[in-house]
Amino acid sequence: MYYWHWLRNIGRRSYTTGFPTQKDLTVEKMLHDDDSGIQPGAMPARYIRRAMAIRQLDSGSCQGCESELTLLSGPDYDFTRYGFSFTPSPKHADILVVTGVITEAMAPIIREVYEQMTDPKRVVALGACAISGGLFKTAPGVIGSLSGIIPVTLSIEGCPPSPGDIIRGLLWAVDGHDPCLVQEAT
Amino acid sequence: MATLVRTQRSYIVEQTDNPNHWQEQLVVLSQDHDVVLLTGHRDQLIALLLSPQTGILREWQLTGNLSGVPRPSDFGVGSSLAAERILNDTVPSLSWNSEEHVERRVHGKGVFLYPLGPVRADVAESLMYRLQVMGDEIIRLELLNGFKKRHIREMAQGKAVTDGIALAQRVTGTSAFAHGLAYCLAVENALKIDVNAEVMLTRMIMAELERSYSHLGDLAALSVSTGLPVPQMEYLHHKESILRLNFRLFGHRYLRDVLAIGGMRVPNSLFQDNVAMVGREIVEILDDIHRIQDGLENTTSFLDRLHGAGTIPKATIEFVRPVGPTGRSSGRVCDMRIIRPYLRYPETDLAPPLESGADSYARFSVKAIELKHSLGILRRLIGGWNPGVLRSLAGLEGKSEIDDDVAVGVGIVEAPRGLLVYRVMVNPRSLTIDHLDMATPSARNWYVVPPAMANKNIMQDFPIIEASFNYTVAGWDG
């Protein structure tokens with residue numbers, strides 16, 4: 001039984017998708033409807049090219065964005081192949097990924113985490129809630145959008161955004177251009 | 001003065017002179033009944049009592065000034081803890097924080113406070129842990145929640161009933177369908193809408209798909225907490241496979257935007273997939289799950305960390321009465337699919353697992369068996385599923401025939417994390433929500449975590465115990 005599994009794995013293709021640097025129809029079908037899935041904000045002039053540590057911060061999400069972020073470290077998307085990893089400490093982080101609506105209770109914590117990150121740093125607003133408040137725009141104790149609190153490098157639309165969208169957005173935030181354009185050129 | 005109102009469709013009002021009378025009754029009833037849901041709005045408390053033998057549902061309503069009345073949890077009705085807190089937050093004038101319940105600390109030589117959160121390691125939700133440790137041993141844990149309140153109950157007020165589904169589905173991401181389903185069942189109950197058998201079957205398939213991917217995520221988290229990335233990766237791959245299956249079948253990875261009151265809102269592009277192929281894929285996943293679980297059951301480093309870690313004390317089980325996999329792993333029969341069958345669950349020969357260890361291993365075992373059962377149900381259901389029939393059912397059509405000011409409905413489902421109840425008050429004329437109450441499994445089960453954590457565990461057990469529960473903070477904060 002063990003050897004059969006081992007042999008089968010040799011013959012089988014890797015689970016990991018080549019997206020966004022290669023074409024993958026299954027993943028591309030799950031992307032945000034139109035091309036407006038990712039909206040670059042205040043993109044920095046200088047780009048950083050090295051391994052990126054991500055600090056995720058939940059400020060009032062429904063746990064859907066967290067579920068998708070966890071899948072990025074799984075075998076299907078495996079974002080470590082681009083050098084990404086999650087870090088527990090904001091002081092080690094290069095990218096801050098904020099999920100969920102911005103509540104009044106979390107706003108000072110978000111500012112604190114942002115200040116503790118060392119330069120150069122990037123901020124990604126993940127999901128409709130973090131970008132504009134989504135359905136909870138008018139809820140009591142909810143501050144509209146993340147960009148009103150800290151400068152946002154890039155926004156990734158979706159509720160929740162698919163892992164394909166997230167990985168494309170993260171690469172975009174680091175490289176400064178859409179990784180899918182490179183895919184078409186090659 | 002407290003007034004006791006018993007409601008069971010027709011409102012039977014019982015006036016009592018003794019303010020403590022209702023609570024005495026509540027305690028007596030809670031001994032015979034399984035479910036006690038208390039949810040507060042304005043100056044009202046509503047309790048739902050469910051008999052596990054007969055499935056009869058009774059509703060109790062308490063109105064009036066509550067100050068001076070002892071809290072229900074003083075009487076040992078622990079499952080009302082979350083509702084008490086909600087009532088305290090919404091109506092601070094009804095201060096229920098009696099003197100005995102002020103924050104307690106442990107003092108002494110060698111006792112350290114270990115604050116953790118709300119920004120924690122890895123991808124995690126915002127929750128503050130205040131661990132008090134003596135050496136390595138955890139001697140007390142306090143949880144501070146409320147960082148991410150979205151006020152979903154208040155948001156729903158005045159909304160059209162069809163818009164409420166979107167709100168309900170955003171309470172908890174990985175139980176989105178269960179929340180939407182409970183809401184739809186509640187509204188359908190209130191407006192007396194009958195649902196087509198084919199719609200019920202589709203809803204059941206979706207509910208089991210959701211249970212599968214949610215449990216797969218929980219098991220992946222538990223595997224990696226013991227330092228085993230191989231089963232974690234395999235579980236995550238299968239979770240992704242089921243999420244892709246969801247997308248292919250229903251157009252959304254988390255099964256949102258598909259439910260409608262009285263039917264389903266199914267995209268037309270949906271039926272291109274061969275249903276037989278989906279069945280074959282599920283069989284493949286099921287086979288692989290068996291293999292992974294056999295591997296874990298034979299890994300001593302995994303079992304050693306789980307056995308005896310995070311055992312819930314007996315008194316806590318009796319007080320809080322945990323629901324879902326946690327309840328079933330501590331010897332409680334609490335599967336709503338059996339106790340109060342909904343959809344077409346009576347047709348399936350469902351046998352939920354039951355363990356009595358109440359430790360991390362029992363929770364792992366219950367989740368692993370439930371996952372296999374869910375996939376087994378899916379395999380059987382998908383064979384007889386004809387999605388083409390669904391096209392004609394567009395949901396709520398026209399206005400309902402009920403000529404009343406308010407219609408009350410209750411929807412009870414077994415979400416992946418346990419008993420989930422929605423209670424909706426609908427205005428049948430304008431079809432708007434007058435009031436929405438919900439009791440989420442996380443809101444109830446989180447109260448089990450502090451006593452289980454401070455039960456002869458050391459700091460190294462903390463991530464394992466946390467992963468073995470894996471409740472959502474979003475469902476608690478609401």
Side-chain angles (χ1 to χ4, degrees), chain A residues 1-2 5 15-16 26-27 29-30 54-78 86-90 97 99-106 109-110 112-113 116 127-129 133-136 138-142 158-160 162-163, chain B residues 117-127 146-152 154-155 163 166-167 169-176 179 213-214 217 220-221 224 229 232-241 243-244 247-248 251-254 256-257 288 291 294-295 442 471-475 477:
Chain A
M1 183 64 198
Y2 172 78
H5 180 63
Y15 294 139
T16 312
T26 328
V27 177
K29 226 184 273 171
M30 292 189 290
I54 297 172
R55 176 62 252 181
Q56 177 264 342
L57 181 63
D58 157 36
S59 67
S61 78
C62 69
Q63 204 223 8
C65 293
E66 277 82 357
S67 174
E68 296 287 44
L69 275 171
T70 316
L71 283 169
L72 284 185
S73 54
D76 294 273
Y77 298 98
D78 190 21
F86 291 115
T87 175
S89 167
V97 175
T99 59
V101 295
I102 315 300
T103 59
E104 273 167 16
M106 284 303 285
I109 298 169
I110 296 171
E112 176 78 27
V113 167
Q116 293 211 1
C129 292
L135 278 181
F136 305 102
T138 53
V142 168
C159 186
S162 75
Chain B
V119 183
R120 295 184 284 141
D122 209 16
V123 181
E125 287 182 276
S126 293
L127 177 69
F147 290 99
K148 41 188 287 185
K149 272 196 182 357
R150 288 165 293 162
H151 303 275
I152 288 168
E154 288 88 330
M155 287 290 289
D163 295 343
L167 272 178
Q169 294 202 323
R170 274 153 189 84
V171 177
T172 302
T174 48
S175 314
H179 278 266
Y213 82 69
S214 176
V224 77
Q232 182 215 7
M233 290 299 160
E234 289 186 291
Y235 278 134
L236 279 181
H237 169 65
H238 291 306
K239 182 180 176 183
E240 174 67 20
S241 314
L243 288 175
R244 285 184 187 187
F247 184 83
R248 263 162 48 200
H252 197 290
R253 285 163 62 87
Y254 290 86
R256 281 171 182 166
D257 312 332
D288 222 30
R291 181 185 57 76
D294 285 350
S442 294
Y471 304 135
T472 65
V473 187
D477 283 353

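In what follows, every chain begins at residue 1, and chains take the letters A, B, ... in the order their sequences are listed.
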Stepwise side chain to side chain donor-acceptor pair (under 3.5 Å) check, B:Thr472 with A:Gln63
CA-CA 7 Å; B:Thr472 65; A:Gln63 204 223 8; 5.3 Å; no
In terms of heavy-atom proximity below 4.5 Å to chain A, should [X] be classed as side chain, backbone, both, or neither?
{"X": "B:Pro229", "answer": "neither"}
{"X": "B:Leu167", "answer": "both"}
{"X": "B:Val171", "answer": "backbone"}
{"X": "B:Met233", "answer": "both"}
{"X": "B:Arg256", "answer": "side chain"}
{"X": "B:Asp288", "answer": "side chain"}
{"X": "B:Ala221", "answer": "neither"}
{"X": "B:Glu234", "answer": "side chain"}

Are [X] and [Y] packed together at the side-chain level, in the sense that at least one heavy-atom pair is separated by less than 4.5 angstrom?
{"X": "A:Leu71", "Y": "B:Arg253", "value": "yes"}
{"X": "A:Pro88", "Y": "B:Asp122", "value": "no"}
{"X": "A:Ser61", "Y": "B:Lys148", "value": "yes"}
{"X": "B:Phe147", "Y": "A:Thr103", "value": "no"}
{"X": "B:Arg150", "Y": "A:Leu135", "value": "no"}
{"X": "A:Cys159", "Y": "B:Arg170", "value": "yes"}
{"X": "B:Ser126", "Y": "A:Asp58", "value": "yes"}

With rounding to the nearest 0.5 Å, note down the distance linking OG1 in A:Thr138 to NE2 in B:His151.
11.5 Å
Enter the distance from B:Leu236:CG to A:Asp78:CG here, rounded to the nearest 0.5 Å.
11.0 Å
Say whether, by atom type as modelled, one donor and one acceptor occur between the side chain of A:Gln56 and the main chain of B:Ala124 under 3.5 angstrom.
yes
Carefully, step by step, assess B:Arg244 and A:Val27 under the rule side chain to side chain contact (heavy atoms under 4.5 Å, CB included).
CA-CA 9 Å; B:Arg244 285 184 187 187; A:Val27 177; 3.7 Å; yes
After noting the C-alpha distance and the side-chain angles of A:Arg55 and B:Val119, does the key distance pass the side chain to side chain contact (heavy atoms under 4.5 Å, CB included) rule?
CA-CA 9 Å; A:Arg55 176 62 252 181; B:Val119 183; 3.7 Å; yes
Mind listing the closest non-hydrogen atom pair of A:Ala105 and B:Gly146 along with its distance?
CB-O, 4.3 Å
Show your reasoning for whether side chain to side chain donor-acceptor pair (under 3.5 Å) applies to B:Lys239 and A:Ser67.
CA-CA 10 Å; B:Lys239 182 180 176 183; A:Ser67 174; 2.9 Å; yes
If you count heavy-atom pairs under 4.5 Å with chain A, which of B:Gln169, B:Lys149, B:Arg120 comes out on top?
B:Arg120
Hey, mind stepping through B:Tyr254 and A:Glu68 against side chain to side chain contact (heavy atoms under 4.5 Å, CB included) and telling me if it holds?
CA-CA 10 Å; B:Tyr254 290 86; A:Glu68 296 287 44; 3.1 Å; yes
Picking from A:Glu112, A:Glu104, A:Lys29, A:Met30, which has the most non-hydrogen pairs under 4.5 angstrom with chain B?
A:Met30
Need one label for A:Thr99: side chain, backbone, both or neither, based on atoms under 4.5 Å from any heavy atom in chain B.
neither
Okay, A:Phe136 and chain B: the region with an atom under 4.5 Å from a heavy atom over there is both
